[in-house]
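Quick caveat: nothing in here was measured; it's all calculated off a predicted structure. The sequence lines fix the lettering, A, B, ..., with proteins before strands; numbering per chain opens at 1.
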There are 2 protein chains.
Amino acid sequence: MRPETQQFMKFIETKGLLFTTERKSVAEEVFSTHDHLDAEEVLKKLKSTGSKASRATVYRTLDLLVESGLVEKIDLGEGRSAYEHTAGHPHHDHLVCTVCGEVQEFEEPLIEQLQEWACEKAGFRAIGHSLNIYGWCAKCKLAVKA
Amino acid sequence: MRPETQQFMKFIETKGLLFTTERKSVAEEVFSTHDHLDAEEVLKKLKSTGSKASRATVYRTLDLLVESGLVEKIDLGEGRSAYEHTAGHPHHDHLVCTVCGEVQEFEEPLIEQLQEWACEKAGFRAIGHSLNIYGWCAKCKLAVKA
DNA sequence: ATTATTATTGAGATACATTCTCAATGGAGC
DNA sequence: GCTCCATTGAGAATGTATCTCAATAATAAT
Ligand SMILES: [Mn+2]
Ligand SMILES: [Mn+2]
Ligand SMILES: [Zn+2]
Ligand SMILES: [Zn+2]
């Protein structure tokens, strides 16, 4: 069991919930990669590894993972959302290729700072934010030129 | 007929399409306010004013308005999207109140610049972007304290 | 003017991601 | 064992958006 899954177990038990095999398998799946997985991909992977976790349980457990703070839900636009774990993964935003679907990450601390100032100016208390840049990734740019 | 609707008519005709009463009424509705309207709100408003435009036509016409450049479609997260007209409305991003749904606008030219640099660094060609900050608007912050 | 061609529309069907319902399951504690 | 209650899975329901296709309306041709 991965260390992040251990932490999730602690979270679940502290909350007075049961650390079931379904919850464990969803967590292990999410913590197994740094990719940006959507719920359906998690479900498919689980099915292929013999887990019998249902769609409803996958969604419910992803919500718990987000609540635990170990996983972040990101909005990739047009109704798509994805999950990624946060351990050793400082906050960042995303470049989304509208051709191949690739999601790249970028970090720009000054943007974060400017967002805070914008909120102060407006008397707005920020809880979270979503910044996506849509366009052509380097690979797809080349593919078109060729 | 509003000047923006005139421009839309020109766009439609230049494209070799017909400027029908349905298309006109959707355009007039969108140009009648600076609010962030979603498609369903446009449909409801049209119904209340006696227009018989159907849901399909509303969506189709909103797409045409976006294509014309006179209207922008914005992604407000969690699958919600809204439309706003662009005339005399320079680019800006949004503060979305998760309590009352209010959408405020803010402008931060330096953020735009930093996004461009981030793209250059990644070899990414940006087409558009979406930046939303979620949280509590000033009004809702006060309401809770009271 | 009549006919043929084409664009547009509305109603409902369909798609899709997500949430909800509720009966069945299965630990936890007695 | 039995009771209690959290959890689960299957499928129904939701909400947003798109698609299908026959009917309608506009345009062009004869
Ligand atoms: Mn990421
Ligand atoms: Mn706006
Ligand atoms: Zn790409
Ligand atoms: Zn508010």
Side-chain angles (χ1 to χ4, degrees), chain A residues 8-9 11-27 29-30 36-47 49-68 71 73-83 96 98 101 103 130, chain B residues 8-9 11-27 29-30 36-47 49-68 71-83 96 98 101 130:
Chain A
F8 182 54
M9 180 173 69
F11 168 82
I12 286 291
E13 287 171 349
T14 302
K15 230 176 121 67
L17 305 177
L18 302 174
F19 188 66
T20 62
T21 51
E22 287 83 5
R23 284 174 177 162
K24 179 179 163 187
S25 62
V26 173
E29 200 56 59
V30 171
H36 302 89
L37 297 168
D38 68 26
E40 223 59 34
E41 283 167 343
V42 173
L43 177 64
K44 195 163 59 174
K45 284 194 170 197
L46 286 173
K47 284 219 188 302
T49 63
S51 165
K52 57 171 183 23
S54 69
R55 173 171 286 110
T57 295
V58 169
Y59 277 98
R60 286 188 285 233
T61 306
L62 287 171
D63 282 347
L64 286 168
L65 283 161
V66 169
E67 196 189 329
S68 78
V71 167
K73 180 179 185 175
I74 59 182
D75 190 326
L76 293 180
E78 291 160 33
R80 289 173 305 158
S81 47
Y83 297 83
V96 183
T98 52
V103 176
S130 162
Chain B
F8 182 54
M9 179 171 73
F11 169 82
I12 286 292
E13 287 171 350
T14 301
K15 231 176 120 64
L17 305 178
L18 302 174
F19 188 67
T20 63
T21 51
E22 288 82 7
R23 283 172 177 164
K24 179 179 164 188
S25 61
V26 172
E29 200 57 58
V30 171
H36 302 88
L37 297 168
D38 68 26
E40 223 60 33
E41 283 168 344
V42 173
L43 177 64
K44 195 162 61 176
K45 284 194 169 196
L46 287 173
K47 284 217 187 303
T49 63
S51 165
K52 56 171 184 22
S54 68
R55 171 172 287 107
T57 296
V58 168
Y59 277 97
R60 286 187 284 232
T61 306
L62 287 170
D63 282 347
L64 287 167
L65 282 161
V66 169
E67 196 190 329
S68 78
V71 168
E72 204 170 327
K73 180 179 186 176
I74 60 183
D75 189 327
L76 292 181
E78 290 158 35
R80 290 172 305 159
S81 47
Y83 297 83
V96 182
T98 51
S130 161

Item checked: Protein-nucleotide distance (B/Arg55, atom CZ; D/dT20, atom P), rounded to Å -> 18 Å
Margin query: For the backbone of B/Leu43 and the side chain of B/Arg55, can you confirm whether one donor and one acceptor N or O come within less than 3.5 Å of each other?
Written below: no
Notebook entry, point to check: Whole-Å distance between C/dT18 P and B/Arg80 CZ?
Noted result: 15 Å
Checklist line | Donor-acceptor under 3.5 Å (B/Thr61 side chain, B/Val58 main chain) | finding: no
Checklist line | Out of D/dA6, C/dT18, C/dG10, whichever nucleotide has its closest atom nearest the side chain of A/Tyr59 | finding: C/dT18
Notebook entry, point to check: In whole Å, what is the span from the CD atom of B/Glu13 to the C1' atom of D/dA26?
Noted result: 13 Å
Notebook entry, point to check: To the nearest 0.5 Å, what is the distance between CD (A/Glu41) and CD (A/Glu29)?
Noted result: 10.5 Å
Check: Taking for each residue the nucleotide of DNA chain D bearing the nearest heavy atom, is the 5' side occupied by B/Ala39 or by B/Leu18?
Finding: B/Ala39
Margin query: Distance check needed: D/dG15 P versus B/Leu76 CG, whole Å only.
Written below: 18 Å
Check: More 5' along DNA chain C: B/Ser54 or A/Ser81, using each one's nearest nucleotide?
Finding: B/Ser54
Next item on the list: Would you indicate, yes or no, if C/dT8 has its OP1 or OP2 atom less than 4.0 angstrom from a side-chain nitrogen or oxygen of B/Thr57?
Entry: no
Note to self: Using 0.5 Å steps for rounding, measure from the CG atom of B/Leu65 to the CZ atom of B/Phe11.
What the structure shows: 8.5 Å
Notebook entry, point to check: Separation of A/Leu43 atom CG from D/dT8 atom C1', in whole Å?
Noted result: 14 Å
Checklist line | Length of the CG-P vector between B/Asp63 and D/dA17, whole Å | finding: 10 Å
Next item on the list: Find the distance B/Lys73:NZ to D/dT18:C1' and express it as a whole number of Å.
Entry: 11 Å
Notebook entry, point to check: Out of curiosity, B/Met9 CE to B/Thr20 OG1, how far, rounded to the nearest 0.5 Å?
Noted result: 12.5 Å
Note to self: Using whole Å, what does the distance between atom C1' of nucleotide D/dT27 and atom CZ of B/Phe19 come to?
What the structure shows: 18 Å
Margin query: Any donor-acceptor pair, under 3.5 Å, between the side chain of A/Arg60 and the base of D/dG9, if you only look at N and O atoms?
Written below: yes
Next item on the list: Choose from D/dA6, D/dG9, C/dT8 the nucleotide whose nearest atom is closest to any side-chain atom of A/Glu22.
Entry: D/dG9
